[in-house]
Amino acid sequence: MDYQFAAIEQKWQKFWAENQTFKADSNSTKPKYYVLDMFPYPSGAGLHVGHPLGYIASDIFSRYKRLKGFNVLHPMGYDSFGLPAEQYAIQTGQHPAITTEANIATYRRQLDQIGFSFDWSREVRTSEPGYYKWTQWIFMQLFNSWYNLETDKAEDITTLIEKFNASGSADVKAVCDEDILSFMPSDWATFTAEQKQEELLKYRLTYLKESTVNWCPALGTVLANDEVKDGFSERGGYPVEQKKMMQWSMRISAYAERLLQGLNTIDWPEPVKEMQRNWIGKSVGASVRFKINTSNLNTQYTILNTDFIEVFTTRVDTIFGVSFIVLAPEHELVQALTTEAQKESITNYIAQTKKKSELDRMADTKTVSGAFTGSYVINPVNNELVPIWIADYVLAGYGTGAVMGVPSGDQRDWLFAKHFDLPIIQILDGQKAIEVEADPTKEGKYINSDFINNLGYKEAVSYLNHWLEREGVGKAKVNYRMRDAIFGRQRYWGEPIPVYFKDGLPYLIKEEELPLMLPEIDKYLPTESGEPPLGRATDWSYEKQYEYELSTMPGWAGSSWYWYRYMDAQNDCEFASKDAIAYWKDVDLYIGGSEHATGHLLYSRFWNKFLKDLGYVNEEEPFKKLINQGMIQGRSSITYRLKFDLVSNIQIEENEIEALEVKKQTLPQVFISSEMIKGLQEDVQKRLDLENNLNNIYLTEDLNSVSCRLKISTDIYYNLFTPIHTDVNIVNNDILNVEDFKTFLNGEFEKSIFISEGPFRCGFEIEKMSKRYYNVVNPEVLAQQYGADTLRMYEMFLGPLEQSKPWNTNGIEGVFKFLRKFWRLFHNEEWVFHVEDSIPAKAELKALHKIIKKVQDDVERFSFNTSVSSFMIAVNELTDLKCKNRQVLEDLVIVLSPYAPHICEELWSLLGNKDLSNAAYPTFNPAYLEEAEFAYPISINGKMKMNLSLSLSLDETQATETVLANEQVKGYLEGKAPKKIIFVKGKIVNIVV
RNA sequence: GCUCGGAUGGUGGAACUGGUAGACACGCAGGACUUAAAAUCCUGUGCCCUCAACAGGCGUGCGGGUUCGAUUCCCGCUCCGAGUACCA
């Protein structure tokens, strides 16, 4: 029989499902291998052809590893909490659980069609109570923990309480809020239970605190920093503003250093690591306290219990060059520091800054602005008075919200000093041209710098750090840009936070009360009083008296630990059993998009480290190797419509011009095939010819009836055409199906004229794959048309996995033809299955072992596209050899099976075998590839001239002699004597003359 | 601005450690089969010169360098894509 892909694929998909072929065993003696895909959010649009790219790659890898004797865990699930389902619920009243369920069914159907080797018995859905029970449980562990800097790990909160009992707050070295109390053990004993809770909250790894948050009014929720892009929400693109709110946060900053160091131990793409490094934003420097000069300040100052301004600097060595201090306009000391005389200008400046949005502030980095407070600080190193300014180039959220201005070494400070006429002090003899711009060099010796004069950079930094610490005015400090992550969302469709409030303080519910179920509500909107949707739930309170937390968890909560749930997905007693975790350990290969670089991948590492600190898991890093699959862009088809005007043949009145315009609307539209476009753009004569043709042939009747003629029009950019996005499904290899096009867009082009030299061709444009460009390609359609095996191989054939590329269905035929040719290897002319039990020929073995080695090498380095070509070569070779040998073909089936599993299963069973997924990958034997001769390329002066076959046993002298004796070579040398001959065995001969 | 990635025929791409650039596939052209078309099969296909073959010249974004030899290594530049940005 001919290759009947539809029947074959259905048969084997059913077989795998019924036999649970890919169910992973957690009690195996085989070595484990864990291959994970980033699980999808089940959106309403379903999968497009870009989604399965990574899944296909990971599936090939999983199937390959299985053949290589590994016990493979390859699961799939759904990140099923999220905003789109809730937005849809708001519009339609449909419960998000129902939409989500329906979307999952679509995803599952689409995934099943591609023949993945997922272990579906381990499927997870983050929105299922059985799953989010454990997300809530982890939240509780975080709430019950603090970060001990002495042991450099998270510990149970009880160890902190013990320390408070024993020695008060003095001995505690923790990552905590800034406003902690300092107290003696005796004080702690007198604290009320509430006071204790309040204080402990400042140490917990998830905590409630008044914070400045990204508030998105359109979505009605706060967003984490990584969910905001350029001042707009990542989902939906709505504006985001800053707002102070009581919010749950995760103390991820405690892990900043470990998250940074861990990057050096994992095999991830460099850009992702770099993004995480930038996000963490470590800078090494010093914090310095500048004492405030109080002599001319009003009484307001005394209300503040501080007498200094603290700055963070990475260039403490430049401290003698400080000529001003700048505070962020939002800095808490600004009001107190403003003198009566400066009050007006400061108030104006702050008002002006507030008007500017975050975006404007970022965009406008060139205009220098600021205002003087009228107050001064004293520079601790030389006791000089330094003026205090405010300016919006200093950000309240970074460091201390205050900087020391060193104009000679920092360009922004330099611009500021120039603009406001402040002194620019040279501090290194290596600084050049500081009257033109700042010179941030570290070269040279210090000058104008009192006790560090004549020192070099390193000595100066170390000396100053010691000096500052000794004087009690500063110390070496490491600063991180990364902020704690806001954890609450004022939304419905997320995990409820397992917390209730008593006297305004948060308490955890009991562990046995988990999961705290998401309550039913009447509509998915905030309450009238502005509380989150959960505020609508009736009869929803803890022990019938205490109010529950009304925020839910953010989208990333459920995905920050899901790889552990796959290890033991059905466990009701633990998030995963100790044994399962000990066996599966971590993810060996993780494939997904790079858009999760600073969100999911960072939070997952954070939770993993936390769970390890508490002893629940064993690995410091969750994902050993990460691969980012490239984005699949859309390839839009464009049909070009000619722009034309109507010109009257006779003199017409002003008022008739409009009539012409109306007539134009009723005329057929003219489309030009893409191969003619260039000619028309460049060649005036061609344009005139076309104009004549249109006037005299195509549109004669239409035009004569109104006594006018058509004239091709060009716009100011010299565009003759309007590009029309055309549904890619009515275009094949850029050739437009004209009949279908006439019914496209409700028959708008029904009467149009199509001008081409052959078949009508479209142009194309590479852009996002999106409905509005009519360029979405559905994998289901392709699977039905060509089969899953063809789709799988074609997606790999497109190019390197990690590279972004446009989808183009043009080449898919080639892959289909290949599979058919492969099928034919096992059949005779009449399509009857036929193989022979003969002794394999040498050439057959050579072709086989070449592909055995090639695929092995390619898969191990994730180069799937090159294997596909090599399969084609192997099948071409074996076809030419008329190979019917059972032994050779059997091995070939195994090697191809990870890529095209259905056809291979079918052939495997036709060959009389069972259980292809547990077959052994054939062993490569290099002996079959050995050759006696090699056709050496002979080049003269590095230019290849000819090939000459020589025995590989020849050594350099023998080979050179043979080459020089060759008549053809002599011809090329034209009697000239070779200066030098390079001979590389098995590679090349190069003669230099 | 900074960081990272990329640029090879008409198209997707290959060339893994410096050693025959363009494998494999699409497309295109020609041919076979067919009343015809589709499907299938065969042949050719980087560009230029040449009727054609032979032969030759050019050729991996641009300019230089190292080398017997560079798509590959080094220096400088252009363009495209991604991320990030008053980060002190």
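In the text below, chain A, chain B and the rest are named by the order of the sequence lines, each starting its count at 1.
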Exercise for the section: Pull up the glycosidic torsion of B:G9 and say syn or anti, syn being anything within 90° of 0. Expected result: syn
Practice task
Say whether A:Asp484 and A:Ser253, considering side chains only, have a donor N or O and an acceptor N or O under 3.5 Å apart.
Solution key: yes
Exercise for the section: When you get a sec, tell me which of B:U20, B:C24, B:A88 is the closest nucleotide to the side chain of A:Asn947? Expected result: B:U20
Practice task
Write out all pairs satisfying side-chain hydrogen bond (donor to acceptor under 3.5 Å, both in side chains) with one or both partners inside residues 979-990 of chain A, taking only residues at least two apart or from two chains.
Solution key: A:Ser939-A:Asn990
Practice task
Using the C1' atom as the reference point in each nucleotide, state the distance between B:U78 and B:C42 in Å, no decimals.
Solution key: 45 Å
Fill in the blank from the handout: Winner on side-chain proximity to A:Arg412, out of B:C26, B:C68, B:C86, is B:C86
Completion exercise
Annotated structure of RNA chain B as dot-bracket, pair cut-off 3.5 Å, Watson-Crick or G-U only, | for inter-strand, is (((((((..(((......[....)))((((((.......))))))(((.......)))..(((((..]....))))))))))))....
Exercise for the section: Determine the interatomic distance between C1' on B:C26 and the same-named atom on B:U34; round to the nearest Å. Expected result: 26 Å
Practice task
Give the nucleotide from the list B:U40, B:U20, B:A88 with an atom nearest to the side chain of A:Met944.
Solution key: B:U20
Handout entry: Pairwise P distance for B:C28 and B:A38, with rounding to whole Å
Key = 11 Å
Handout entry: Side chain of A:Lys945 (C-beta onward), nearest among B:A85, B:U20, B:G57
Key = B:G57
Fill in the blank from the handout: A:Val394 has its side chain closest, among B:C68, B:A88, B:C24, to B:A88
Handout entry: Side-chain donor/acceptor of A:Trp807 to backbone N/O of A:Asn775, under 3.5 Å
Key = no
Exercise for the section: Hey, can you tell me if A:Phe818 and A:Phe871 have their rings parallel, tilted or perpendicular (30° and 60° cut-offs)? Expected result: tilted
Exercise for the section: Sticking with atom P, work out how far B:C68 lies from B:A55, rounded to a whole angstrom. Expected result: 29 Å
Exercise for the section: Considering only atom C1', compute the distance from B:G22 to B:G10 and round it to an integer number of Å. Expected result: 14 Å
Handout entry: Per A:Ile873 side chain, nearest of listed nucleotides B:C68, B:C24, B:C86
Key = B:C24
Problem - Ring centers of A:Tyr3, A:Phe822 separated by less than 6.0 Å - result: no
Problem - Considering all heavy atoms, the nearest A:Ser408-A:Gln431 contact - result: O-NE2, 3.2 Å
Exercise for the section: Under 4.0 Å between any heavy atoms, over every strand shown, what does A:Val984 touch: base, sugar-phosphate, or nothing? Just pick one. Expected result: base
Practice task
Describe, in one word, how the ring planes of A:Phe420 and A:Trp389 are oriented to each other, choosing from parallel (under 30°), tilted (30 to 60°) and perpendicular (over 60°).
Solution key: tilted
Handout entry: Inter-nucleotide C1' distance (B:U67, B:C75), Å rounded
Key = 16 Å
Practice task
Take nucleotides 10-15 of chain B nucleotide by nucleotide from the 5' end and write B, S or -, depending on whether a protein heavy atom sits under 4.0 Å from the base, only from the sugar-phosphate, or from neither.
Solution key: --BSSS
Exercise for the section: Quick one: label A:Asn990 by what it contacts on the DNA or RNA (base, sugar-phosphate, nothing), any heavy atom closer than 4.0 Å. Expected result: base
Handout entry: Interatomic distance at P, B:G27 relative to B:A39, whole Å
Key = 10 Å
Handout entry: Polar side-chain atom of A:Tyr349 near backbone of A:Ala391 as donor-acceptor pair, under 3.5 Å
Key = no
Exercise for the section: Between A:Thr314 and A:Val815, name the one whose nearest nucleotide on RNA chain B is closer to the 5' end. Expected result: A:Val815
Problem - Options B:A88, B:C24, B:G19, nucleotide nearest the side-chain atoms of A:Lys987 - result: B:G19
Practice task
Using the P atoms only, state how far B:A37 lies from B:G31, rounded to an integer number of Å.
Solution key: 12 Å
Practice task
Look at the side chain of A:Gln411 and the backbone N and O of A:Ala438, then say whether any donor-acceptor pair between them is shorter than 3.5 Å.
Solution key: yes
Exercise for the section: Classify the angle between the aromatic ring planes of A:Phe816 and A:Phe5 as parallel (below 30°), tilted (30 to 60°) or perpendicular (above 60°). Expected result: perpendicular
